[in-house]
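What follows is a set of notes on a single structure, which appears directly below.
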Amino acid sequence: MAAEDEGEVERKIYEERRAKGESWKQHGLNPFGNGFRPQHTCGKVVKDHANDTAEQLEEAPPAPYRLAGRVVSIRSFGKAAFLVLQDRTGTLQIHVKADVLGPAYAPMADKLVDVGDFVGVEGTLFRSKTGELTIKATTFKPLSKALRPVPGKFAATEEGAKFLEENVGSLADVEQRYRRRYLDLLSNRDVRETFRKRTKLVQFIRNYLDARDYIEVETPMMHPLVSGAAARPFKTHHNTLDLDLYLRIAPELYLKRLVVGGFDRVYEINRNFRNEGISTKHNPEFTMLEFYEAYATYEDLMDLTEDMLAEASQFVTGGTRVQYGEHSIDFKKGWPRIPMLEAIRQKLPELSDKDMRDLDKLRHVTAKGVDEKEKAAISQMNLGEVVGALFEKHVEGTLVQPTFITQFPVETSPLARRNDAEPSITDRFELFCVGREIANAFSELNDPIDQEGRFKSQLDAKARGQEETMDFDADYIRALEHGLPPTAGEGIGIDRLAMLLTNAPSIRDVILFPLLKPQKT
RNA sequence: GGGAGCGUAGCUCAAUUGGCAGAGCAAUGGACUCUUAAUCCAUAGGUUGAAGGUUCGAUUCCUUCCGCUCUCACCA
């Protein structure tokens, strides 16, 4: 039934289309049928014959094609009509004629086929007088009735798509695009393209890591403890066990347990959940790649990362140079690697080497121009935390081209290995691009005694009022006590990477069904 | 949570200083056997997001609410 909150027009169209579906039965057609099996696809037919002339097709016509898809355009002339058929591969024009089809043309003559319906056709390929590759249908079978119309005009052909892009889009209402993604997908070509690229990206990463002898695993989404990152979790509950659980904020500690177990090249591409704000760069559930390689260092992972992302860009977009908004991003290998303190001092040259170890001085500099609430938070920070805050405030947003920032303070890196020469910093890097963090990696802390101390520091931070802290994971310590080989690990935000490679301004443009407030009726 | 903006027909958008709520596409009826934004003739389609207020009169001004977008904060 049409919903009660609909407008008159919408309800009328619905009723009319239902009645048309009923009329299909008089022609022996099931309005919600099944059993038509296409043997070819629109995109392949067009590709295979793109260079065939009208004469070639007439003299040596290819064997008949059997296709099925959604009707996205109808141009009817009474006893003949041109339809545009869309399937997963593309579109192809169909010519249906009363004299060729005989009784099978009746549903067209009676105007029982609408844009949005699915049909199956069989016929031979020719070029129409205007030169377009077209199937002359010898079989025409409506398959499935669409009771609701598609939104507005279809971008059915290249020319039509171009027109709609340059003028009014089919579905422009941002909220509707996210809420009813199926309409967005079926009416907007560039949206289909974006999600295909996202899929290609994930496919590429899997192949890349598989080729390097990594194995893909799945670890728990429901965690008894908060671990692996600094974020607030979602809480849930298991009834039978009467057990409170958290949706995972990161898989890190489970993956490293697997390295202890001997899976010493391991990765997971899966969802993380963080109970934080929603923005164009944050969705509460998002996809993360994490991978761990024994006997590698964080420096090895920098090499791997620039190689993997340069190749991913090539695979997904066809080149290493990518336009993102106003920026032209170059993923070609050889990205700058800058220690965090150095990056800060490049932006704030007035700070001396000595200043960078002066907690009061740094607190003072960081607190410049911020509100009282933030000032209070800064006054509680330790040296590492204030360095991190200074970096985020003055440097992060300025890193447009891919840049590795290395040597993070130990206080903000509770799972990373200390630097051998300078124990106050860790063997860690983050990758930034367009002012955003794309990747985070480090040589793993495999010293269980040090790890125990770091967990305790997290508890102290929690006691100081910090909400985003890790729990003490005694079983993880025990795993480390059984021996974690020297290992480096990395996390890459797949959504943010997909944004870069598809020129998407919002993370919602690369997540099929982003979280929205439920619609009130 | 703070700030800014938006909400008009199924879709995309107009509406002058507060003065009869409109167009294109989609829909419906009709014509039409090579169109591709098909064309031509005709018809229908509205609680202007919701509630309240000011006014002779509100799409327009005010208040509250709902929803969305952007942005700041938070968030690797």
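The sequence lines fix the lettering, A, B, ..., with proteins before strands; numbering per chain opens at 1.
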Just checking [X]: base, sugar-phosphate only, or nothing, at a heavy-atom cut-off of under 4.0 Å?
{"X": "A:Tyr105", "result": "nothing"}
{"X": "A:Lys20", "result": "sugar-phosphate"}
{"X": "A:Arg274", "result": "sugar-phosphate"}

Subject >> Heavy-atom pair of closest approach, residues A:Cys433 and A:Ile329 >> reply: SG-CG2, 3.6 Å

For [N], give the paired nucleotide (Watson-Crick: N1-N3 plus N6-O4 or O6-N4; G-U: N1-O2 and O6-N3; both under 3.5 Å), or none.
{"N": "B:C70", "value": "B:G3"}
{"N": "B:U28", "value": "B:A42"}
{"N": "B:G57", "value": "none"}
{"N": "B:C13", "value": "B:G22"}

**OP:** Look at the side chain of A:Asp99 and decide which nucleotide, out of B:U69, B:A38, B:U33, has an atom nearest to it.
**Re:** B:U33

Roughly how many Å is it from [atom1] in [X] to [atom2] in [N], rounded to a whole number?
{"X": "A:Gln93", "N": "B:A38", "atom1": "CD", "atom2": "P", "answer": "11 Å"}
{"X": "A:Leu83", "N": "B:A37", "atom1": "CG", "atom2": "C1'", "answer": "17 Å"}
{"X": "A:Arg11", "N": "B:A9", "atom1": "CZ", "atom2": "C1'", "answer": "14 Å"}
{"X": "A:Leu92", "N": "B:C34", "atom1": "CG", "atom2": "P", "answer": "19 Å"}

Which value, in whole Å, describes the distance between the [atom1] atoms of nucleotides [N] and [M]?
{"N": "B:U35", "M": "B:C61", "atom1": "P", "value": "49 Å"}
{"N": "B:A58", "M": "B:A50", "atom1": "C1'", "value": "16 Å"}
{"N": "B:G24", "M": "B:A14", "atom1": "C1'", "value": "11 Å"}
{"N": "B:C65", "M": "B:A21", "atom1": "P", "value": "30 Å"}
{"N": "B:G29", "M": "B:C66", "atom1": "C1'", "value": "40 Å"}

**OP:** Please collect all side-chain hydrogen bond (donor to acceptor under 3.5 Å, both in side chains) contacts where either partner lies in residues 496-508 of chain A, sequence neighbours excluded, each pair once.
**Re:** A:His282-A:Arg496

**OP:** Using only side-chain N and O atoms of A:Arg75, determine if any of them is under 4.0 Å from OP1 or OP2 of B:U35.
**Re:** no

**OP:** Tell me whether the OP1 or OP2 atom of B:C74 has a side-chain N or O from A:Ser279 closer than 4.0 Å.
**Re:** no

Subject >> Counterpart residues, ring pair (Phe, Tyr, Trp, His ring centres under 6.0 Å), relative to A:Tyr267 (two or more places apart) >> reply: none

**OP:** Taking ring pair (Phe, Tyr, Trp, His ring centres under 6.0 Å) as the test, write out the residues that go with A:Phe513, two or more places apart.
**Re:** none

Original post:
Can you find an N or O donor on one side and an acceptor on the other, under 3.5 Å apart, linking the side chain of A:Glu132 with the base of B:U35?
Top reply: no

Original post:
Does A:Asp87 pair with A:Arg70 as a salt bridge, N-O distance under 4.0 Å?
Top reply: no

Original post:
Taking only residues two or more places apart in sequence or in another chain, which ones pass side chain to side chain donor-acceptor pair (under 3.5 Å) with A:Thr124?
Top reply: none

Which protein N or O atoms sit under 3.5 Å from an N or O of nucleotides 42-44 of chain B?
none

Original post:
So, do A:Phe77 and B:U33 meet the stacking rule of ring centres under 5.5 Å and planes under 30°?
Top reply: no

Show the atom names and distances, to 0.1 Å, of all donor-acceptor pairs under 3.5 Å that link a side chain in residues 390-397 of chain A to residues at least two apart or in another chain.
residue	atom	partner	partner atom	Å
A:Lys393	NZ	A:Thr366	O	2.9
A:Lys393	NZ	A:Lys368	O	2.7

